[in-house]
Amino acid sequence: MDLGDIRNWVFIVIAVVMLAGSIVVVTTRNVVHAALMLVATLGGAAAIFILLGAEFVAATVVLVYIGAVVVLFLFGVMITRAPLGGQGALDHSRKWPAALTAIATFAVLAGSTVAFFGDAEIGSGDPVLTSEIGSSIFNRFVIPFEVVSFVLLAALIGGIVLARRDPEA
Amino acid sequence: MTLSQFLVLSAGLFSIGVYGVLIRRNAVLILLSVEVMLAAVNINLVAFGQYLENTGRFAEGTAASGQVFALFVITVAAAEVGIGLAIVLLIFRNRSSVNVDELDALKW
């Protein structure tokens, strides 16, 4: 990594924020703090997307994840009365097998990608225009797009069916 | 910027998400950890799209394809969170608990 490039410093700052935020998400004793730290992690992801020239994806992450999904999680925390502020165990008592699995996953993924790609430059092409994404979705990916819209419809109906109370009960 | 730095960041986030899924008892927190893993995967998709476009070995629009994949992942993740939280809510209504180790009705 070339430290003379300002983009690498930006990357390091974003990466530290994302990793710290995600560590808080998985370790904190307070459920609301976990949901709020997820905002920091996803905001970092949006910044990484802008760094990669993916502005439309960055805007979508902010709208869908930070705007909708995190709010949905906060409602879930509220409705299920998750224990706030320490009382009640949020974690399993034995943590070392999980830590071992996570470290092994990281070692395999990071080791193999670094061994294969080395220091291949990602290049600095132009940012992808939103019009290019639109024409890609509606030409090459039009069938997956329709399938995804059907998945969303099924999720909508499924959410209503699951969450409403039975009328006769 | 190298490709590896994005891949290592994404591997780190994914591993942290794996750790969270494995240690958390509360179902809402497990879903939160899954979101961290999905964010890591999206970084991978966009970074690879940009990298393959700039190698010049593929047709124009490879970067856009990577970003479209990331958008599909975001869409499906939103649907997953909606359904997942509805199921968690239903479990809480029936069992007054969302701890995954207490849900052993299928255990023989």
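Chain letters run A, B, ... following the sequence lines, proteins first and then strands; every chain starts at 1.
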| message | Show, in sequence, the C-alpha distance, side-chain angles and deciding distance for B/Val18 and A/Phe106, and conclude whether the side-chain contact (heavy atoms from CB on, under 4.5 Å) test is met. | response | CA-CA 10 Å; B/Val18 167; A/Phe106 178 73; over 6 Å; no
| Considering only heavy atoms, which portion of B/Leu90 lies under 4.5 Å from any heavy atom of chain A: side chain, backbone, both, or neither? | side chain
| task | Please flag which part of B/Val8 lies under 4.5 Å from any non-hydrogen atom of chain A: side chain, backbone, both or neither. | result | both
| query | If two hydrophobic side chains count as joined below 4.5 Å and joins carry through other members, does B/Phe92 share a cluster with A/Leu74? | reply | yes
| Nearest 0.5 Å, what's the CD-CG distance between B/Gln5 and A/Asp119? | 10.5 Å
| query | Applying ring pair (Phe, Tyr, Trp, His ring centres under 6.0 Å), which residue pairs with at least one partner in residues 1-43 of chain B are found, sequence neighbours left out? | reply | A/Phe11-B/Phe6
| field | Interchain contact, A/Val25 with chain B, by part (heavy-atom threshold 4.5 Å) | value | both
| field | A/Leu19 and B/Leu9: CA distance, side-chain angles, deciding distance, side-chain contact (heavy atoms from CB on, under 4.5 Å) verdict | value | CA-CA 8 Å; A/Leu19 291 173; B/Leu9 169 65; 4.1 Å; yes
| query | Of all of B/Ala78, B/Gly49, B/Ala47, which one pairs up most often with chain A through heavy atoms under 4.5 Å apart? | reply | B/Ala47
| said: I need the minimum non-hydrogen distance between B/Val68 and A/Ser136, along with the two atoms involved. | reply: CG2-OG, 4.0 Å
| note | Applying a strict 4.5 Å limit to non-hydrogen atoms, the region of B/Glu53 in contact with chain A is neither
| field | Most contacts with chain B, counted as non-hydrogen pairs under 4.5 angstrom, among A/Glu132, A/Arg140, A/Lys95 | value | A/Lys95
| query | In terms of hydrophobic clustering (I, L, V, M, F, W, Y; side-chain heavy atoms under 4.5 Å; direct or indirect links), are A/Ile23 and A/Met18 co-clustered? | reply | yes
| request: Output yes when a side-chain donor or acceptor of B/Ser15 lies under 3.5 Å from a complementary backbone atom of A/Ile103, and no otherwise. | output: no
| message | Heavy-atom pairs under 4.5 Å with chain B - which of A/Leu156, A/Leu72, A/Leu42, A/Val114 has more of them than the others? | response | A/Leu72
| note | Heavy-atom closest pair (A/Tyr65 atom, B/Leu38 atom, distance to 0.1 Å) is OH-CB, 4.0 Å
| remark: Between B/Arg24 and A/Thr27, the two heavy atoms sitting closest are NH2-N, 3.4 Å
| remark: Tightest non-hydrogen contact, residues B/Ile83 and A/Ala155, listed as CD1-O, 3.3 Å
| Taking all non-hydrogen atoms of both residues, which atom of A/Gly76 and which atom of B/Leu85 are closest, and how far apart? | CA-CD2, 4.3 Å
| field | Interface residue of largest heavy-atom contact number with chain B, from A/Ala104, A/Gly21, A/Gly159, A/Ala54, under 4.5 Å | value | A/Ala54
| field | Hphob cluster co-occupancy, A/Val64 + B/Leu32, side-chain heavy atoms under 4.5 angstrom | value | yes
| request: Tell me, for B/Leu31 versus chain A, whether the close heavy atoms (under 4.5 Å) come from the side chain, the backbone, both or neither. | output: both
| Side chain, backbone, both or neither: which part of A/Thr130 has a heavy atom under 4.5 Å from chain B? | neither
| request: Using non-hydrogen atoms and a 4.5 Å limit, figure out which bit of A/Pro97 sits close to chain B: side chain, backbone, both or neither. | output: neither
| note | Scored by heavy-atom pairs under 4.5 Å with chain A, the best of B/Ser10, B/Ser65, B/Gly20 is B/Ser65
| Partner chain A: residue of B/Gly12, B/Ala40, B/Gly82 with the largest heavy-atom pair count (under 4.5 Å) | B/Gly12
| said: At a 4.5 Å cut-off on heavy atoms, which part of B/Ile16 comes close to chain A: side chain, backbone, both, or neither? | reply: both
| query | Is chain A contacted by the side chain of B/Ala70, its backbone, both, or neither, given a heavy-atom distance below 4.5 Å? | reply | side chain
| query | Side chains of A/Ile122 and B/Thr2: does their closest heavy-atom pair fall under 4.5 Å? | reply | no
| said: Please say yes or no: joined through hydrophobic side-chain contacts below 4.5 Å, possibly via intermediate residues, are A/Val77 and A/Ile66 part of one cluster? | reply: yes
| request: Please flag which part of B/Tyr51 lies under 4.5 Å from any non-hydrogen atom of chain A: side chain, backbone, both or neither. | output: both
| field | Partner chain A: residue of B/Leu3, B/Ile23, B/Val21 with the largest heavy-atom pair count (under 4.5 Å) | value | B/Ile23
| message | Please determine whether side-chain contact (heavy atoms from CB on, under 4.5 Å) holds for the pair A/Ile133 and B/Leu71, giving the CA-CA distance in whole Å, both sets of side-chain angles, and the decisive distance to 0.1 Å. | response | CA-CA 10 Å; A/Ile133 294 178; B/Leu71 291 173; 3.8 Å; yes
| B/Ile91 and B/Val28: same hydrophobic cluster, using ILVMFWY side-chain contacts below 4.5 Å? | no
| For B/Leu29, is it the side chain, the backbone, both or neither that has a heavy atom under 4.5 Å from a heavy atom of chain A? | side chain
| query | Side chains of B/Thr75 and A/Val151: does their closest heavy-atom pair fall under 4.5 Å? | reply | no
| field | A/Thr41 portion near chain B, given a 4.5 angstrom heavy-atom threshold | value | side chain
| What part of B/Ile43 is in contact with chain A, defined as an atom under 4.5 angstrom from a non-hydrogen atom: side chain, backbone, both or neither? | both
| query | For B/Met1 and A/Leu51, what are the C-alpha separation, side-chain angles and deciding distance, and is it a side-chain contact (heavy atoms from CB on, under 4.5 Å)? | reply | CA-CA 10 Å; B/Met1 295 187 290; A/Leu51 203 59; 3.9 Å; yes
| Hey, which of A/Phe141, A/Phe56, A/Phe116 has the most heavy atom pairs under 4.5 Å with chain B? | A/Phe141
